[in-house]
Peer 1: 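I have a structure I would like to understand better, so I am pasting it below and will then ask my questions one at a time.
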Amino acid sequence: MRAWITTDPIAAQDVLDGVGTATDGATVVFLGTVREENDGRPVSGLRYDAYVAMAEDVLLRIAGEAGRRAGTDRVAVVHRIGELAVGDASVAIAVSSPHRAEAFDAARFVIEAIKQRLPVWKQEYYVEGAPRWLDGSTPAVGP
Amino acid sequence: MRAWITTDPIAAQDVLDGVGTATDGATVVFLGTVREENDGRPVSGLRYDAYVAMAEDVLLRIAGEAGRRAGTDRVAVVHRIGELAVGDASVAIAVSSPHRAEAFDAARFVIEAIKQRLPVWKQEYYVEGAPRWLDGSTPAVGP
Amino acid sequence: MQVHLLLFALYRDLTGVDELNVEVADGATAAAALAGLRQSDPRFAVLPDRPVIALNRELAQLDAVLRDGDELALLPPVAGG
Amino acid sequence: MQVHLLLFALYRDLTGVDELNVEVADGATAAAALAGLRQSDPRFAVLPDRPVIALNRELAQLDAVLRDGDELALLPPVAGG
């Protein structure tokens, strides 16, 4: 299980290095990348802010939950923060497991959980007009 | 859309090179790899046979169908044939699209379709005992 | 007329044949050609009666009519991935 | 006693504050500390009444009781990925 936050560029290989054993028949990788437009508005870039110390804890917890669901400890996830350009990857996830259904499910679980509860915030910069913090999700507080 | 059969080793980067544009927010990669055991029997390697000319046509058709489902033409898929060792990738798939649900669905569609109808056959070699052609799927013939 | 027969994987192992030019009657179906082959050549007797076939690289029905020069492939259940 | 307040993203932009040591009464809840802050410092008046908070890097309820040295973070709705 590997989970980290970085300001450096990220790529699929960074998370692939963390997964895949001789017991695994399936590896799924997800990359989230910055799009050139959002809701029809041309985007020039993104800036991610994060509560880094908490985000690393939460990311590792999400990876652990995904692994338990899929019966694997081969989960790696990285979230990039800071300034990103169009085309840059903001998140990379890799999961490997004996069978493919579990690997797909776990990778999907990680990206959905990141969007729901990772303490990271996204500010969009536009070709024209002022930047804007994007609407987000309110994470559920435990009992 | 890229689809090919090869006897060379394959890696995620081979299919990632075929996808990802500035309109895409999501890329999903699937790698199928040779496991060290199957149904509890230690496996020493695999040999894939293929009807290569037809398999390349079918693979391209599968990629096209996946792309139409997901609204993307950024689909790349390669199937390796010949002799493979434990840990080697036999298939690599990449799909990118504006949104993640479509990218996940299309990547999953490609691997399921490969198993159902790609004219490729898998012979398993065991640490002990004779090799065996694995049970397969009977592809549905069109009308 | 002649068709070009291709065998793969298990079918190749069972028959010891990977490809073969086969003489067939004008207007013969794939089923008829395979039945004739099974009768005239004992190596093919071990194959299933109604295998999946591809005609010129497309899956086809066994009642498809053959043409001179066709490529007729016998496909065991597939197992890629 | 003192708690260490952290603000992020929109809340940081709205207040112009990224971190601040805040004096709070012994036994105060997070809600009470924030209400006091909103009253005493006009920069915090723009924040929502009941923001999501994290106490020492864990999500917490607003009625959580603060302890000396706690790290209290105000979290706008999150938008990672």
Peer 1: Just so I understand: if I count every heavy-atom pair under 4.5 Å between each of A:Gly87, A:Ala103, A:Pro98, A:Ala12 and chain B, which residue has the most?
Peer 2: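 Among the listed options, the one with the most contacts to chain B is A:Pro98.
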
Peer 1: May I ask you to name which of B:Val43, B:Leu31, B:Val34 has the most heavy-atom pairs under 4.5 Å with chain A?
Peer 2: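 Maximum pair count with chain A is reached by B:Leu31.
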
Peer 1: Give me the ring orientation class for B:Phe104 and A:Phe104: parallel if the planes are under 30° apart, tilted from 30 to 60°, perpendicular past 60°.
Peer 2: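 Plane angle over 60°, so perpendicular.
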
Peer 1: So what's closer than 4.5 Å to chain A heavy atoms on B:Ala101: side chain, backbone, both or neither?
Peer 2: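 Its backbone and side chain both get close to chain A.
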
Peer 1: So that I can tick it off, tell me whether B:Arg117 and B:Glu65 are bridged by a salt bridge, with the cut-off set at under 4.0 angstrom between side-chain N and carboxylate O.
Peer 2: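 So B:Glu65 pairs with B:Arg117 through a salt bridge.
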
Peer 1: Among B:Asn38, B:Asp24, B:Val86, which residue has the highest count of heavy-atom pairs closer than 4.5 Å to chain A?
Peer 2: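 Top option by heavy-atom pairs under 4.5 Å: B:Asp24.
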
Peer 1: Side chains of A:Arg132 and A:Tyr125: do they bring a donor and an acceptor to under 3.5 Å?
Peer 2: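 No pair is found: no donor N or O on one side chain lies under 3.5 Å from an acceptor on the other.
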
Peer 1: Check this for me: does any side-chain nitrogen of one of A:Glu112 and B:Arg100 sit under 4.0 Å from a carboxylate oxygen of the other?
Peer 2: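 Yes, charged N to carboxylate O under 4.0 Å.
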
Peer 1: Counting only heavy atoms closer than 4.5 Å, note whether A:Ala107 contacts chain B via side chain, backbone, both or neither.
Peer 2: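 For A:Ala107, the contact with chain B is made by backbone and side chain together.
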
Peer 1: For the residue pair B:Asp105 and B:Glu102, establish whether any side-chain heavy-atom pair is separated by less than 4.5 Å.
Peer 2: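 With C-beta onward as the side chain, the pair stays apart.
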
